[in-house]
Amino acid sequence: MPEATYSQALNMALREEMRRDERVFCLGEDIKDSTYGVTRGLYDEFGAKRVVGTPISEAAIAGAALGAAAVGMRPVAEFMYMTFMMCAMDQLVNQAAKMKYMFGGKAVLPIVYRTMAGAGRANAAQHTQSLEAWFSHAPGIKVVMPSTAYDAKGLLKTAIRDENPVVFIENKVLYATAKEDVPEDDYTVPFGKAAIRRQGRDVTIIGLQRMGEVALAAADQLAGEGIEAEVIDPRTLVPLDIDTIATSVQKTHRAVLVHEAHERAGFGAELVTQIVTHAFDYLDAPPVRLANPNVPTPFSRTLEELSIPSAAQVAEAVRTLLK
Amino acid sequence: MATLIQPASDTAASTGPERHGLSDARLLELYRTMLRIRRFEERVKELFLEARLYGSVHLYIGEEAVATGACAALEEGDVISSTHRGHGHCIAKGLELAPMMAELMGKVSGYNHGKGGSMHIASLDHGMLGANGIVAAGIPISTGAAMGFWVRGSQEVALCFFGDGGANHGAFHEGINLAAVLKLPVVFVCENNQYAQYHALQQDLPIENVADRGAAYGIPGVVVDGSDVLAVYGAVKTAVDRARSGAGPSLIEAKTYRFEGHFLGDPEPYRTKEEVAQARASRDPIVRFSAALQQMGISGVERLQEIDDAVRADVETAVEFGESSPEPGPEILLTDIYSGADADGRESSGEKTEAEQVVPRDRVTEVASREVRAQGPQAG
Ligand SMILES: Cc1ncc(C[n+]2csc(CCOP(=O)(O)OP(=O)(O)O)c2C)c(N)n1
Ligand SMILES: [Mg+2]
């Protein structure tokens, strides 16, 4: 089993799915050269009709994927930064998300909208946005956020085989830093199944994507103090595996939620509500959210780091919860 | 079809290039501005490679004549919008090198207090409405600035720089069409450097010139040699005068070439080294203008060398200023989000108490004491 980075794992998934199903094709800007390597080599293998380079026209990319899906294809559209999806919101939210419902169910729209989010690379405010909550708010769209190389491959395959528009959010830091043995066989990771990354009895920490690493680092610090944290990676936000989360909180009685997106109306708010709804009687304290403090991400590295939750901050929040 | 403006040096070889009524002093100023852009960016590149500067940095080297010639056609009070490749526009619009360099270094003394960086550098005081991380986003914004002038009946003009790649974005059509139907005082300058990120423009453009699209909006479409600062000046001046007179927008396409990669760190697999070397040798706007100045008898080599020396010294001062400036502190993280309100949008009632601080103090000390990591190159 070869070691692969997160971006290589995604590349494997695309290649395997394109070989398996001729209806699968990619479109997007500069996907032939592929800045982060995810679509690397696909053009050489599959040619210009399956790896379609487009002008800088995000609305056209989003809408073209929708139209192609409506006539039976399975497009995988790329937006290099999640920011650029903002240029295509009409096609994504007014069109793709709603078409099936508005048509009385008579549309099957197997589309993957791949994109990259996250902070930590001094890309400044426009290029540093985690907008998972925006798409979670649009009924009709599924939202996926892989955090490991293994999951990246398995979840992308599931996304491609899914019959709905899926916003598939990759992470700019994890592309290179997340690596592990990734099987070359055809495996999938199901939607709606959270992963328990660490077992613990004292507190449940739910970290979205790269914040899972931060949660694990905090858990290590806390273990030295005799505090055992359970760390959960939801993997998909829509659908959300609330059972795994609620079961954990019922055991630990405390919850901490960590994401890179802005705190206000971020996905953490949804998680808190769901936890309160499903585990109210078990809670010893109100759940705590750690997130970007409602500020556009600054360019300066010093300021940017201050705007991303850290392991020390997570550990401190847990200590306070346990007091 | 687009009007083609011939390079000035070809039209009047015997008498020297058309100087459009510019005085000797102003011609030398054009030269100095181009050099300021070139030397500033050469230094930025070095600093980046030495990890003394970071972020998404897109160099303008090779395209200096466009910003310089275009901005020289503007008057005090006129405004520009820019792109991710914005250093040249800033310098040509009169921004100072030191706070620019500080901004690129993420320092508090930068134009944006380190909050913007290279891709968002701006100075409204200079009528510079911002570099922009979003391709083509400046097109509607400059249309809006022109609308502001039009509504209030004042005489300013807006000028919009955008790339050839930006000409295929929806914002291009909506912004230019709106400006055209209202006859707004705006000039659209397409910097056609022949590449949009990692591919040649021909792959995106089914017609020969971006300027040909002017016809679709009923406005003049003009192609100009973007390596010839005087030709750019002439074309833009005509368009600016036209805009100011109330006759509406123009679309100018400056054919140019980007000597450096798309961003600092770009391995450039999409073009050959020979192609770049050829462009550097044949269409360097500074070399060309230096020759023109000598041909016109305006300046000898020594005078041009003096200008260069002074520019290099300015750049060094800017580097020192940037490097000696402090990192922004946590106290500014949550400022500037709203006007007249705190970070939560509530009307400002003064300082937050420590308990109300969203970022706790110990976190601040922890981050501030952490060593700043070197980061790899990245595309915008
Ligand atoms: C809306 C949007 N889509 C994609 C990008 C990524 N991107 C940054 S620069 C660039 C190429 C721009 O080409 P062009 O407009 O010709 O400007 P140039 O870089 O050549 O100056 C792309 C695709 C972006 N910044 N914004
Ligand atoms: Mg270009």
Side-chain angles (χ1 to χ4, degrees), chain A residues 29-36 48 53-60 63 80-81 83-84 86-88 90-91 120-129 172-173 176 263-264 290-314 316-317 320, chain B residues 54-56 103 105-108 110 112-120 132-137 163 165-171 196-199 203-205 269-270 327-330 332-334 336-337 343-345 358-360 362-364 366-368 370 372-373 375-376 378-380:
Chain A
E29 296 160 23
D30 282 316
I31 55 174
K32 191 174 159 193
D33 281 320
S34 189
T35 312
Y36 295 98
T54 70
I56 309 171
S57 308
E58 286 79 13
M80 187 171 56
Y81 284 82
T83 289
F84 309 153
M86 301 297 97
C87 299
D90 170 58
Q91 292 294 332
R121 288 186 56 104
N123 293 126
Q126 286 176 346
H127 285 58
T128 312
Q129 305 203 75
K172 59 167 82 151
V173 173
E263 182 184 66
R264 187 167 58 234
L290 296 171
N292 164 297
N294 301 323
V295 59
T297 304
F299 163 67
S300 144
R301 280 193 291 223
T302 310
L303 292 180
E304 181 181 28
E305 286 209 50
L306 283 171
S307 76
I308 312 170
S310 71
Q313 199 183 3
V314 173
E316 192 48 37
T320 311
Chain B
Y54 57 89
S56 306
E103 187 56 37
M105 293 175 171
K107 298 300 183 74
V108 71
N112 316 30
H113 306 309
K115 293 179 173 182
S118 168
M119 248 195 315
H120 303 292
N132 210 310
I134 304 300
V135 165
N168 299 313
H169 204 264
Q197 214 166 237
Y198 317 126
H199 65 273
Q203 293 175 35
D204 288 356
L205 193 73
Y270 48 85
E327 286 286 322
I332 71 161
L333 176 64
L334 300 181
D336 306 327
I337 302 173
D344 301 319
V358 188
V359 183
D362 47 355
R363 164 92 174 109
V364 165
E366 178 227 335
V367 171
R370 220 180 288 164
V372 183
R373 288 187 312 272
Q375 272 170 322
Q378 45 206 310

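Here is the naming used below: chain letters follow the sequence lines, and residue numbers restart at 1 for every chain.
- For chain A, the nearby part of Ile337(B) is the side chain; its heavy atoms alone come within less than 4.5 Å.
- In terms of heavy-atom proximity, Leu333(B) sits nearest to Leu303(A) at CD1-O, 3.7 Å.
- When Val135(B), Ile134(B), Asn132(B) are compared by the number of non-hydrogen pairs under 4.5 Å with chain A, Ile134(B) comes out ahead.
- Here Lys107(B) contributes atom NZ and Ser300(A) contributes atom OG; the two are 9.5 Å apart, rounded to the nearest 0.5 Å.
- Here CD of Gln197(B) is found 6.5 Å from CD1 of Ile56(A). Values are rounded to the nearest 0.5 Å.
- Nearest heavy-atom pair, Thr302(A) versus Pro328(B), reported as atom, atom and distance to 0.1 Å: CG2-O, 3.9 Å.
- For Asp336(B), no part lies near chain A; criterion is any non-hydrogen pair under 4.5 Å.
- No hydrogens or angles considered: a donor-acceptor pair under 3.5 Å links the side chains of Asp30(A) and His199(B).
- The distance from atom NZ of Lys32(A) to atom CD of Gln203(B), rounded to the nearest 0.5 Å, is 6.0 Å.
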Check the pair Glu58(A), His169(B) against side-chain hydrogen bond (donor to acceptor under 3.5 Å, both in side chains), reporting the backbone distance first and the verdict last.
CA-CA 8 Å; Glu58(A) 286 79 13; His169(B) 204 264; 2.7 Å; yes
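- To the nearest 0.5 angstrom, His127(A) atom NE2 is 6.5 Å from His120(B) atom NE2.
- In this structure, Thr54(A) OG1 and Asp204(B) CG are separated by 7.5 Å, a value rounded to the nearest 0.5 Å.
- Here the CZ-CG distance, from Arg264(A) to Asp344(B), works out to 6.5 Å after rounding to the nearest 0.5 Å.
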Given the rule in the side-chain hydrogen bond (donor to acceptor under 3.5 Å, both in side chains) test, do Asn123(A) and Ser56(B) qualify, once you have shown the distances and angles that lead to the verdict?
CA-CA 6 Å; Asn123(A) 293 126; Ser56(B) 306; 3.2 Å; yes
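- In plain terms, the two heavy atoms of Phe84(A) and Gly133(B) that are nearest each other are CE2-O, 4.1 Å.
- Summarising the geometry of Asp33(A) relative to Tyr198(B), their closest heavy-atom pair is OD2-O, 3.3 Å, with the distance given to 0.1 Å.
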